[in-house]
Amino acid sequence: METYYDYLRSFASELGSRIVEMYPPLQGPKDPIAPALRTLLRKPLPAQAMTITGAVKYLKTANSVRIVGECGTGKTLMSIGIAHAHADAKPYNAIAMCPPHLVLKWAREVLLTVPRARVFVLYDLRNGGDPSKPHGVVEMKLRNGHAVCNGLKTTLSELRRLGRKGWRKICLGPAYFIVSKEAGKLSYFWKHAYGRSESGRCRLSITNPDTGRSIPRPDGGYVSRADFADVKLKETIVRERGGTESHSALWQADRNKIQRIAPLEFISRYMKGWWDYSIADELHQLANDTAQGNNLDVLRRCARKLIALTGTMMGGYADDLFHIFYRMEPRKMVKEGFEAGSEGRGDFQATYGALESIEKIPDVDNACSRAAKSTVRVSRKPGASPLLFGKFLMSSTAFVTLEDIADYLPPYEETVHEVSLDAELGRAYEAIEQDIREALHENRGNRSLMSLILHRLLLYPDHPFGIGEIWAKRFDPQEGRLVPFLVTRAPELPQEIIYPKEQKLIDDVREELREGRRCQVYATFTGEHDVAGRLERVLRQAGFRVAVLRQTVPTLRRELWYEKQLKTGVDVVICHPKLVETGLDLLWFPTIYFYETGYSLHTLRQASRRSWRIGQVYGVRVKFFIYAATTQLTCLRLMGKKMLVALMMEGKFSGEGIHSMDTDDDMMAAMARELVEKGGVGQSADAIWNELKRERGTHAASGPKLVEALAFDENANAPSLLPELADTPSAGSPGLTVVHSSLEPKKKPEPIWPTGTVAGEQMKLFG
């Protein structure tokens, strides 16, 4: 045995039995489910009911629980079921924080699931505002399958005044309060606050309003008016006569602008314990040290129990989970010896992740001798120790996969389409790549240069016009500042011709539409160099009905936007994958194209699953279009390495995931290094694909060849606007046959998604 994976594969059954013996599950498949689940208006599937019951048992002794469920497993339903079952027929209050475009969907899900439930949306906490828009706390009701404002209108201040007992006299059953993570953090505008002495020893100087004295600088001297820019300043003052240290803010609310307070800040200060349950949806978006991330801690403190949901737990690095653990289980993190802040995060990465130490030893001529002065740089790498899973995740996190939820799902297929550059585009790309490679070689370690140049290198093959000169900045020791320098001038190619990847997309979309399959296309460059707009023109010229979803469409109305486009007969929709990465069910688009992928692993994983969900009757095809022998191929391959590490932390201990603990560091540096070194890019990719091919051959895992048409629940979010999708099988679709249960007996398909012991097909594109 040479690898961890060989060991795990050889002793999988013995290790599994030992783990179950040492860590018996709270809820097994044969254990009875929570009785309260029978009262829900929508009945959870067996795996969902088992997850709910296990989480309820865990919350009897713990204060928080996490659910990591793949897209489409019903995380919203499971979180609602956990709160309902834990309350055990008693009235309760729950607050849920979710992305803006999911607020109305959350309201609809609760009204369709919980009997006698009342749902409220927290829009803001402010004075004034547009009278045509809802403000404060507004009750939602169902109308024609959509949640609309109708019913009680109140404010957080009034809820605070009523208290829990007063609220119970108004609301006798379950009450859910939904707030978007954007609206929850919006606070007042601020302005600087300082005084100006007109007399005395501080005359004409800037003074602290709390002390009346001048404000000293850390480096000597006193603060002047010029020091007040766009940053909030503060001072730590010491009270007279041996008093204590105090925080003195040199800023205050601006009463001349919008008078408001962040709803979650108000809840954190004045409404601790008002709710019984808090729910944090899309947990991975709260992993950073931001205002939205800090609101995860607010949810923990304002409610008795916290339920967190996510489809992608981590993005490839161990410290992605640091803030999540600290906000959900702070006592455990302190017990383990990790401090809050950047220092503790670094210690966490060193303990459970992978670090790379790079030492540079240049020769230096001193005044009287020759010596070597070394510099050491430490950078983090993708990967995580299995101890992280066992210590922090296994006991408090439920992992749910799509294969656990449904007996039958349509096939899910991912393929990579490498397109060769034509002669003219190839010469132009090679020219700018050579100039960029030389610039990277001469300016090693220049992060801003890496980001700018690699951005242009990824963009150019898809938009070989309108870029012009590519400039960067580097530090000039003689001038003591960053100075710009010209890296290269991107050749200007004609806009009126169709380039190879565009032609490949046109041909492939035409074949998909011939089979009755609508298409969703993702493009990440949608700003100054608008690839999405370019694709819209190209596809329209080819005769397709195309629509582009822009960021200007309000998040709350994107689902309605899709329905409107479908009514007008649109065949292809183009958008940035971030606009639909969470919440939206694109069952109408069984074919998904990644014309560009970007760098975000969370976005790639979420956006690729938008149409492979319960209720889908077509086989789902996800296609990645890249230009061969370009940086686009390198980017996609490195995304695969991060993907395999992330799967390992979600309970899918594949051999590839464990191997990837020793792979490249961050995406940008890895791409820059391979670009400079050249030559090794294709060989490295071939090695990875051949290894995955051998693994698939060993396990012989394949998707189901027979798909049963799923029975639609009356409350399910099915593609009702497209009856032809549900009633007509895909003509000419290779390898897919749709049959009804009355004609064929039900068969148990082979797994189509990886578990802890099955090598799955999560990302076929890397093989």
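These figures come from a predicted structure and were not determined experimentally.
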His84 vs Thr39, test: side chain to side chain donor-acceptor pair (under 3.5 Å). Steps then yes/no. CA-CA 9 Å; His84 188 77; Thr39 64; 3.0 Å; yes
Can you list the steps and then say if His576 with Thr526 is a side chain to side chain donor-acceptor pair (under 3.5 Å)? CA-CA 7 Å; His576 194 292; Thr526 58; 5.1 Å; no
Apply side chain to side chain donor-acceptor pair (under 3.5 Å) to the pair Ser187 and Arg260, showing each step before the final yes or no. CA-CA 6 Å; Ser187 188; Arg260 66 187 178 194; over 6 Å; no
Verdict with reasoning, Asp130 to Ser132, per side chain to side chain donor-acceptor pair (under 3.5 Å): CA-CA 5 Å; Asp130 188 348; Ser132 63; 2.8 Å; yes
Would you please test Lys105 and Glu559 for salt bridge (Lys or Arg N to Asp or Glu O under 4.0 Å) and show each step? CA-CA 9 Å; Lys105 182 179 180 182; Glu559 187 175 354; over 6 Å; no
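Test Gln551, Arg558, Arg557 against Thr555 for side chain to side chain contact (heavy atoms under 4.5 Å, CB included) and you get one pass: Arg558. Just one of Tyr562, Trp588, Phe594 meets the side chain to side chain contact (heavy atoms under 4.5 Å, CB included) condition when paired with Gln520; it is Tyr562. The ring pair (Phe, Tyr, Trp, His ring centres under 6.0 Å) test with Phe177 is passed by exactly one of Trp167, Tyr123, Trp106, Tyr92: Trp167.
Ring-centre distance between His86 and Tyr277: below the 6.0 Å cut-off.
Ionic pairing of Asp124 and Lys133 is not present here: no N-O contact between side-chain nitrogen and carboxylate oxygen is shorter than 4.0 angstrom. Taking the charged nitrogens against the carboxylate oxygens, Lys153 and Glu139 have no contact shorter than 4.0 Å, which rules out a salt bridge. The pair Glu109-Arg42 meets the salt-bridge criterion, with a side-chain N (NZ, NE, NH1 or NH2) lying under 4.0 Å from an Asp/Glu carboxylate O. Ion pairing between a basic and an acidic side chain is recognised when a charged N comes within 4.0 Å of a carboxylate O; Asp585 and Arg609 show no such pairing. We find that Glu265 and Lys185 are not joined by a salt bridge, their nearest charged nitrogen and carboxylate oxygen being 4.0 Å or further apart.
Using a 4.5 Å heavy-atom cutoff, the side chains of Leu142 and Arg108 are in contact. Side-chain atoms of Cys575 and Val521, non-hydrogen and from C-beta on, never get closer than 4.5 Å to each other. A heavy-atom distance below 4.5 Å is not found between the side chains of Arg301 and Ile267. Side-chain contact check for Thr397 versus Phe399: some heavy-atom pair is nearer than 4.5 Å. You'll find the side chain of Met328 stays beyond 4.5 Å of the side chain of Met333, heavy atoms only. Residues Ile178 and Val119 are in side-chain contact: their nearest non-hydrogen atoms beyond the backbone lie under 4.5 Å apart.
In plain terms, the two heavy atoms of Val110 and Ala117 that are nearest each other are CG1-CB, 4.1 Å. Closest approach of Glu235 and Asn208 over heavy atoms only: OE1-ND2, 2.6 Å. Of all heavy-atom pairs spanning Gly184 and Ala262, the tightest one is O-CB, 3.5 Å. For the residue pair Met97 and Leu264, the shortest heavy atom distance occurs at SD-CD1, 3.5 Å. Minimum interatomic distance between Ser395 and Lys332 (heavy atoms only, all atoms of both residues): OG-NZ, 4.3 Å.
To the nearest 0.5 Å, atoms CZ (Arg116) and CG (Leu111) are separated by 13.5 Å. Here NZ of Lys232 is found 12.0 Å from CD of Gln252. Values are rounded to the nearest 0.5 Å.
Between His192 and Tyr194, the ring-plane angle classifies as tilted under the 30° and 60° cut-offs.
Judged by the 6.0 Å distance and 45° axis criteria, Lys257 is positioned over the aromatic ring of Phe189. By the 6.0 Å and 45° rule, Arg518 does not stack over the aromatic ring of Phe589.
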N/O donor to acceptor pairs below 3.5 angstrom from side-chain atoms of residues 74-83, sequence neighbours left out:
{"residue": "Lys75", "atom": "NZ", "partner": "Gly69", "partner atom": "O", "Å": "3.1"}
{"residue": "Ser79", "atom": "OG", "partner": "Lys75", "partner atom": "O", "Å": "3.3"}
{"residue": "Ser79", "atom": "OG", "partner": "Thr76", "partner atom": "O", "Å": "2.8"}

